[in-house]
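Here the structure is laid out as structure tokens; the discussion comes afterwards.
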2 protein chains.
Amino acid sequence: MAAQNGKDLAGDAEAVLEAIIYLYTEGRRITKELARKAELTGPQLAVIKGLEQIGKLSLTELSERIRAQNSTVTGIIDRMEREGLVVRERSTEDRRVIQIRLTEKGAAIAREIPVEPMEVFQEALGILSPAETRDLLRILTKVANRVRERTEPGPRPKGNQEP
Amino acid sequence: MAAQNGKDLAGDAEAVLEAIIYLYTEGRRITKELARKAELTGPQLAVIKGLEQIGKLSLTELSERIRAQNSTVTGIIDRMEREGLVVRERSTEDRRVIQIRLTEKGAAIAREIPVEPMEVFQEALGILSPAETRDLLRILTKVANRVRERTEPGPRPKGNQEP
DNA sequence: GCGGTTTATTTCGCGTACGAAACTTCCTTG
DNA sequence: CAAGGAAGTTTCGTACGCGAAATAAACCGC
């Protein structure tokens, strides 16, 4: 451990990491809990809410939206199709692409779940003053850009899991 | 989308979320990449580094350390034991508990991997001024506490995945 | 010292999550 | 228009990750 004297930057850095991990995992947990009420999983809720907004998405578009690999989303859609929540339709213009849309059953469930999972955070961020919010954004962006620079050289996969 | 006029708090909030998600997933990616050089997975690296520091840990202690459920860690240790990286030893004082420690092979690999995965972040945070770091910590803590208050009523599971 | 509760770990079933390889369709270029 | 490459999706194998139930040992009160 470093010295504890109010200038303990390493300790602060660690605490910042802790906070980020906490916020992220808590977000996942909230999404999951919200989903469970409708007998869904976290990623499935994300899919349903995405499709509700946009109407119809190709598998790749959906993958980008929920930040997961195509091969992962294939499995998620398999299970949702099995449950009758969505259907796959092959596009007529480009027969390589699969369009995914909600069934009536899927749309009904989407309507039942009122809020976006993120809204808990929007609300939590709401207690900050506008200046604090912008400071937070500015500093986080600075750090993120630094990490990005540091790791950009070399290809990067695109994501992992639910929002 | 809301109006884009510099007072777009909802947009700022969303950007903050994006940044948090980016930093978290990037952290996982870096850990994974670091681990891959030693033919390990992310969680396995976390286990090895934990055991290197402490020497010997019960399964439950290890679970807390890497923020995962016991049932998850059982599987991780199974695979690592199969690879000869760690061994299980039943405690003599309390025969319910399993102590896990590195084999010589595991210890050698731990020595080969120089840095903690977190160090990339420590470095990224290093470009902030001390004031910025403390602002960041203060604001994040405020948000985290707010989320905590909002969700505390009701039991919470303890974690999910690698650091 | 016996029955009941608590604690530590494992087992089981399911759902992500990823990367590499296979497949199909589309597009380019000679 | 044929060959080759690129793009969209699926398949396969492996590793988490969780919660509920099972198992085993320790503890507690009487």
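Naming convention: chains lettered A, B, ... in sequence-line order (proteins, then strands); numbering from 1 in each chain. All figures in this text were calculated on a predicted structure; none of them were measured in a lab.
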For [X], all residues meeting salt bridge (Lys or Arg N to Asp or Glu O under 4.0 Å), sequence neighbours excluded:
{"X": "Arg79(B)", "result": "none"}
{"X": "Glu104(A)", "result": "Arg111(A)"}
{"X": "Arg88(A)", "result": "Asp78(A), Glu81(A)"}
{"X": "Arg95(B)", "result": "none"}

Check: dG19(C) base within 3.5 Å donor-acceptor of Ser71(A) side chain: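 It does, because a donor-acceptor pair links the side chain of Ser71(A) to the base of dG19(C) below 3.5 Å.
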Look at [X] and [N] and indicate whether a side-chain polar atom (N or O) is within less than 4.0 Å of OP1 or OP2.
{"X": "Thr72(A)", "N": "dA17(C)", "result": "no"}
{"X": "Arg67(B)", "N": "dG17(D)", "result": "no"}
{"X": "Arg28(A)", "N": "dA17(C)", "result": "yes"}
{"X": "Arg79(A)", "N": "dT16(C)", "result": "yes"}
{"X": "Gln69(A)", "N": "dG19(C)", "result": "yes"}

Position toward the 5' end of DNA chain C (nearest nucleotide), Glu93(A) or Ile76(A): Ile76(A)
Nearest-angstrom distance from the residue atom NZ of Lys32(A) to C1' of dG15(C):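 Spelled out: NZ on Lys32(A) to C1' on dG15(C) is 9 Å.
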Separation of dG8(D) C1' from Glu61(A) CD (nearest whole Å):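 Those two atoms, CD and C1', are 11 Å apart.
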What side-chain donor-acceptor pairs closer than 3.5 Å can you find for residues 135-143 of chain B, not counting sequence neighbours?
unit_1: Arg138(B); atom_1: NH1; unit_2: Glu132(A); atom_2: OE2; d: 3.0
unit_1: Thr141(B); atom_1: OG1; unit_2: Leu137(B); atom_2: O; d: 2.6
unit_1: Lys142(B); atom_1: NZ; unit_2: Glu132(A); atom_2: OE1; d: 3.1
unit_1: Lys142(B); atom_1: NZ; unit_2: Glu132(A); atom_2: OE2; d: 3.4

Nearest-neighbour nucleotide for the Arg95(A) side chain, dT10(D), dG15(C), dC26(C) considered: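 From the listed options, dC26(C) comes nearest.
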Ile98(B) side chain near Glu89(B) side chain, heavy-atom distance below 4.5 Å: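 They are not in contact (no side-chain heavy atoms under 4.5 Å apart), so the answer is no.
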Touch class at under 4.0 angstrom, heavy-atom based, for Arg90(B) against every strand present: nothing
Where protein sits on nucleotides 3-8 of chain C, one letter per nucleotide: B base, S sugar-phosphate only, - none, heavy atoms under 4.0 Å: ----BS
